[in-house]
Amino acid sequence: MQASLAPYGRVELESDMMKKTEFTIRKDNSSMSLWFILALLSSLTFGLAGFLMKVSSVKKGDHDFLLWGLYLTGSLGFLWWMVKTRDMDFSCTVLIAGVIVGIGSAFGNLLFMKALDIGPASLTSPVVNGNIVLMIGMSMLIYGETITVSETAGVALLVIAMMILPVDPNESLKIRNKRWYALVFITMLLFFFRNGGLKITEEMHLSGTSILFVSYVFGFFWFTFQIFHRKLQIPSLVSSVRFRTGVFWGLAAGIFSFAGMQLYAVALNQGPATLIAPIFSTNSLVVALLSILIYREQLSLFQTLSLILLFSGLILIRI
């Protein structure tokens with residue numbers, strides 16, 4: 001009797017194993033969909049922040065006041081989210097990590113603007129975007145992340161899209177100031193501290209929201225210091241139109257900056273940084289598209305090619 005029941009037992013066991021495997025596959029697919037959607041949303045919202053910063057620039061808003069406003073509302077956004085989710089950690093490790101990420105964010109933005117002042121955007125932006133490659137390399141070499149052939153091709157297309165997006169064939173590419181080389185290299189490392197720092201702290205199971213809150217508070221205090229220092233030299237600074245313009249658009253940009261970075265941090269918790277980092281970096285394409293729609297800027301050949309590569313890369317990653 002026991003022998004005759006054995007095949008049925010094996011069938012039952014195999015059936016249970018198939019159900020468990022099917023559940024695991026569904027769970028993995030669901031998880032993949034979640035991180036992919038979060039990464040896309042982080043790119044979109046952070047891109048909106050970048051576009052609002054461009055609006056301020058077009059309207060001649062002051063850069064220091066712009067970033068002051070951005071870090072103010074961004075800090076308040078992370079504070080609200082910490083209270084709402086009760087995800088609050090101000091341990092010594094979190095504070096140190098937050099300051100490092102804050103240095104990467106605040107000083108990275110400052111040096112990037114200085115690099116644009118003395119060098120061509122067609123070279124500055126692609127070199128600075130090299131931090132994406134550093135992020136991918138770190139995730140694969142240190143944390144052992146692996147990606148498929150189609151995902152590798154998709155990442156390559158996204159990186160190429162980011163590199164050629166700012167290229168202007170009519171712009172002179174001659175570097176006349178040797179300081180430019182140091183500025184773009186340091187800026188690339190600083191943005192890597194911001195983006196890569198969040199990956200490292202996520203692997204350490206630290207609170208991403210708390211780290212981002214500390215980093216934005218650091219940026220807020222830094223630009224407060226910058227403004228007071230300038231005010232001593234120019235007493236009428238805070239009453240100027242440039243001040244009001246910069247603050248207004250900075251406060252608006254900070255809301256989307258908070259949302260974009262928070263979504264990026266959650267995405268890193270759900271999926272591989274080797275894929276999430278390149279998707280997040282496509283936020284510059286959001287800025288380009290909105291500029292075309294609102295300011296009627298003409299779509300260049302390189303921008304058209306960049307968009308084609310973007311959508312192709314996303315499709316390959318999602319397959």
Side-chain angles (χ1 to χ4, degrees), residues 44-77 105-129 165-168 170-173 175-177 179-180 183-184 187 190-191 216 219-261 283-300 303:
L44 175 62
T45 50
F46 203 74
L48 287 170
F51 176 72
L52 293 177
M53 293 173 71
K54 174 168 182 172
V55 173
S56 175
S57 180
V58 169
K59 294 180 178 293
K60 309 299 182 184
D62 185 274
H63 290 320
D64 284 344
F65 284 106
L66 167 71
L67 292 171
W68 179 85
L70 182 149
Y71 284 113
L72 173 59
T73 48
S75 298
L76 293 174
S105 178
F107 294 167
N109 283 321
L110 274 177
L111 295 185
F112 180 66
M113 290 176 182
K114 289 183 181 296
L116 288 174
D117 288 338
I118 63 175
S122 298
L123 288 180
T124 303
S125 294
V127 174
V128 169
N129 279 332
L165 175 65
V167 173
D168 182 358
N170 299 319
E171 184 179 32
S172 173
L173 299 181
I175 307 299
R176 296 180 175 84
N177 192 328
R179 287 178 56 232
W180 178 86
L183 285 173
V184 294
T187 303
L190 286 170
F191 282 142
Y216 271 58
F220 170 73
F221 279 112
W222 172 259
F223 285 104
T224 300
F225 167 77
Q226 284 281 92
I227 289 169
F228 272 108
H229 179 69
R230 288 176 59 196
K231 188 178 182 299
L232 292 175
Q233 300 172 336
I234 312 173
S236 61
L237 181 67
V238 294
S239 61
S240 66
V241 175
R242 293 191 65 199
F243 150 71
R244 292 192 295 271
T245 302
V247 169
F248 176 80
W249 292 106
L251 291 172
I255 298 171
F256 292 102
S257 180
F258 145 69
M261 291 306 298
N283 60 77
S284 55
L285 278 169
V286 176
V287 179
L289 285 173
L290 288 174
S291 299
I292 292 164
L293 291 173
I294 295 178
Y295 289 111
R296 305 299 180 186
E297 293 182 0
Q298 188 175 0
L299 192 66
S300 69
Q303 288 174 329

Open item on the list: Under a 3.5 Å distance rule, please check whether T245 uses its side chain to pair with a backbone N or O of G61 as donor and acceptor.
Closed with: no

TODO: Answer yes or no: is there a side-chain heavy-atom contact under 4.5 Å between M53 and V287?
DONE: no

Open item on the list: Which heavy atom of A49 sits nearest to which heavy atom of A253, and what is that distance?
Closed with: CB-O, 3.4 Å

Task: Spacing of NZ belonging to K114 relative to NE2 belonging to H63, to within rounding of 0.5 Å - done: 10.0 Å

Task: Any donor-acceptor N/O pair, T73 side chain to G69 backbone, under 3.5 Å - done: yes

Open item on the list: Suppose we screen for side-chain contact (heavy atoms from CB on, under 4.5 Å). Which residues come up paired with T224, at least two apart in sequence or across chains?
Closed with: W68, F220, F228

Open item on the list: Could you check whether F107 and W222 have their ring centres less than 6.0 Å apart?
Closed with: yes

- [ ] Identify the heavy atoms of G219 and A106 that sit nearest to each other, and give their distance.
- [x] CA-CB, 4.2 Å

Open item on the list: As an exercise, state the distance from CZ of R242 to CZ of F65, rounded to the nearest 0.5 Å.
Closed with: 10.0 Å

TODO: Begin with the C-alpha distance, continue with both residues' side-chain angles, and end with the deciding distance and a verdict on side-chain contact (heavy atoms from CB on, under 4.5 Å) for V286 and F51.
DONE: CA-CA 8 Å; V286 176; F51 176 72; 6.0 Å; no

Task: Chi angles and distances behind the side-chain hydrogen bond (donor to acceptor under 3.5 Å, both in side chains) call for S257, Y216 - done: CA-CA 10 Å; S257 180; Y216 271 58; 2.5 Å; yes

- [ ] Could you tell me the separation between the OG atom of S57 and the CG atom of L52, rounded to the nearest 0.5 Å?
- [x] 12.5 Å

Task: From L76 atom CG to L251 atom CG, the distance as rounded to the nearest 0.5 Å - done: 9.0 Å

- [ ] First locate atom CH2 of W249, then atom NZ of K54, and finally report the distance between them rounded to the nearest 0.5 Å.
- [x] 13.5 Å

Task: N109 side, atom CG; L67 side, atom CG - distance, nearest 0.5 Å - done: 5.5 Å

Task: side-chain contact (heavy atoms from CB on, under 4.5 Å) partners for F112, two or more places apart - done: L116, T124, S125, V128, T187, F191

Open item on the list: Between L48 and L290, is the side-chain contact (heavy atoms from CB on, under 4.5 Å) condition met? List the steps.
Closed with: CA-CA 8 Å; L48 287 170; L290 288 174; 3.5 Å; yes

Task: Set of residues satisfying side-chain contact (heavy atoms from CB on, under 4.5 Å) with respect to D64, sequence neighbours excluded - done: D62, L110, F223, Q226, I227, R230

- [ ] Determine whether L190 and L111 make a side-chain contact, defined as any pair of heavy atoms from C-beta on separated by less than 4.5 Å.
- [x] yes

Open item on the list: Taking atom CZ as the centre, does F221 end up with more than 12 heavy-atom neighbours from other residues, nucleotides or ligands that are less than 6.0 angstrom away?
Closed with: no

